[in-house]
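Everything numeric here is computed off the predicted structure, so don't read it as measured data. By convention in this document, chain letters (A, B, ...) are assigned in the order of the sequence lines, proteins followed by strands, and residues within each chain are numbered from 1.
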Protein chains: 2
Amino acid sequence: MDRIRDRFRSYLSDQGLKSTQQREIILDEFLKAGAHLSTEELYLKIRKKHPHIGYATVYRTLKLFSECGIAEEHNFGDGQTRYETVAGESHHHDHLICTECKRIIEFEDPRIEQMQDEVAARHGFKILNHRLELYGLCDDCRKKHSS
Amino acid sequence: MDRIRDRFRSYLSDQGLKSTQQREIILDEFLKAGAHLSTEELYLKIRKKHPHIGYATVYRTLKLFSECGIAEEHNFGDGQTRYETVAGESHHHDHLICTECKRIIEFEDPRIEQMQDEVAARHGFKILNHRLELYGLCDDCRKKHSS
DNA sequence: ATGCGTGCAAACCTTTTGCAGTCAT
DNA sequence: ATGACTGCAAAAGGTTTGCACGCAT
């Protein structure tokens with residue numbers, strides 16, 4: 001966690017940007033929240049304790065997180081951009097998304113990753129990024145349906 | 001192709017909806033275009049020959065295509081919803097997307113699909129849908145970069 | 001005739017930006 | 001001091017909808 005904070009501060013000073021109270025607060029709340037938050041959800045969370053922080057600041061700070069590599073943007077098809085922490089050491093992962101209860105489960109599978117590389121190689125493609133999302137019903141929702 | 005038209009007409013009459021000139025024209029242009037079109041792109045294409053057809057009609061008709069299963073919605077991260085034909089017999093496929101020239105290459109890999117099923121099973125998940133997108137540089141753009 | 005479909009324009013929603021004042025360096 | 005940052009409000013960009021009229025059944 002502190003590693004991430006350090007990384008963010010370094011990024012700021014490297015770029016000639018400034019470390020401000022707002023940015024610290026937003027980073028704290030973002031890390032605390034953990035999950036896959038939309039800009040608005042994070043803004044609402046923050047507003048409770050810090051009503052003076054505006055939406056635009058949250059929005060711009062999340063962009064900053066994504067630029068400096070401590071967060072990743074996602075689009076799960078609900079019309080909102082969501083952000084997720086990228087822990088420095090953790091592996092890339094993909095998502096199972098329950099279309100019913102909106103739960104998001106993370107998983108990683110190196111074999112799938114490797115096959116992606118193979119596909120790319122076959123097409124002379126250089127992968128910079130990828131996303132794999134499986135939409136469906138989670139265990140709980142499946143059970144609810146069948147009962 | 002005609003199979004798709006039939007399917008659309010059946011869907012309309014099954015649902016008590018009407019077959020109109022506009023819908024026929026939009027379907028024709030959509031099938032002719034082939035690629036991964038946004039609502040706006042299709043609208044612009046159609047407007048050239050049929051200036052009387054409105055954006056909303058194109059929009060609503062594409063939704064209809066997607067409801068009846070002859071088209072699929074995609075979000076490749078450029079902020080626009082794109083539609084793609086689903087030929088009845090063809091297999092599901094995924095996408096390689098060149099972030100530079102915006103080219104979209106389709107591929108399919110049953111082994112990856114199978115592994116996705118395994119992952120889902122491991123989590124008690126029932127997959128209804130999925131998407132896999134590999135973003136990066138296509139062969140041509142890679143060469144341009146290195147030269 | 002009936003009621004779905006169409007075209008237009010306006011509403012919506014999320015993301016982005018301009019600006020004047022504020023703050024970190 | 002200086003230039004980046006913030007908060008507000010407004011703009012933008014895409015999607016969706018209301019309504020009065022038109023058309024397929």
Problem set entry | Closest nucleotide among dA4(D), dG7(D), dA24(C) to the T20(A) side chain | dA24(C)

Seminar exercise, completed: Minimal heavy-atom distance between N75(A) and E133(A), with the atoms involved, is O-OE1, 3.9 Å

Problem set entry | Between C1' of dG14(D) and CG of N75(B), the distance in whole Å | 11 Å

For this session: May I ask you to verify if any side-chain N or O of H52(B) is less than 4.0 angstrom from the OP1 or OP2 atom of dT6(C)?
Result: no

Problem set entry | Q22(A) side chain, from C-beta outward: closest of dC4(C), dT6(D), dG7(C) | dT6(D)

Seminar exercise, completed: note: R47(A), atom CZ; dC8(D), atom C1'; distance rounded to Å ~ 14 Å

Problem set entry | Nucleotide nearest Y55(A) when distance is taken to its side chain, options dC5(D), dT16(C), dG5(C) | dT16(C)

Exercise. Tell me: CG of D14(A) to P of dA4(D), nearest whole Å?
Worked result: 16 Å

Exercise. Once you round it to whole Å, what is the distance between P of dG18(C) and OH of Y59(A)?
Worked result: 12 Å

For this session: Calculate the interatomic distance between D78(B) atom CG and dT16(C) atom P; express it in whole Å.
Result: 12 Å

Problem set entry | Pair D139(A) + K143(A), salt bridge at N-O below 4.0 Å | yes

For this session: State whether T81(B) places a side-chain N or O below 4.0 Å from either non-bridging phosphate oxygen (OP1 or OP2) of dT15(D).
Result: yes

Problem set entry | Among dT14(C), dG3(D), dT16(D), the one nearest Q80(A) by side-chain distance | dT14(C)

Problem set entry | Rounded interatomic separation in angstrom, taking OH from Y43(B) and C1' from dG14(D) | 14 Å

Problem set entry | Salt bridge present between R111(B) and E118(A) (N-O < 4.0 angstrom) | yes

Problem set entry | Aromatic ring pairing H123(A)/F107(B), orientation class (parallel under 30°, perpendicular over 60°, tilted between) | tilted

For this session: Among the candidates dC8(D), dT14(C), dA9(C), find the nucleotide nearest to the side-chain atoms of E40(A).
Result: dT14(C)

Problem set entry | Candidates dC8(D), dG14(D), dT6(C) - which lies nearest the side chain of R60(A) | dC8(D)

Exercise. Does K18(A) make a side-chain N or O approach to OP1 or OP2 of dT2(D) shorter than 4.0 Å?
Worked result: no

Problem set entry | Presence of S38(A) side-chain N/O under 4.0 Å of dT14(C) phosphate oxygens OP1/OP2 | no

Problem set entry | Of A56(A) and L64(A), the one whose closest DNA chain D nucleotide lies more 5' | L64(A)

For this session: Report the distance from atom CD1 of I25(B) to atom P of dC23(D), rounded to the nearest whole Å.
Result: 13 Å

Problem set entry | Ring centroid separation F30(A) to F65(A) under 6.0 Å | yes

For this session: To the nearest Å, give me how far apart CD (Q21(A)) and P (dT22(C)) are.
Result: 16 Å

Exercise. OP1 or OP2 of dG5(C) sitting under 4.0 Å from any side-chain N/O of R23(B)?
Worked result: yes

Exercise. Taking the six-membered ring for Trp, is the centroid-to-centroid distance between F76(B) and H95(B) below 6.0 Å?
Worked result: yes

Seminar exercise, completed: From the candidates dT15(C), dT25(D), dA9(C), the one with an atom nearest any side-chain atom of S19(B) is dT25(D)

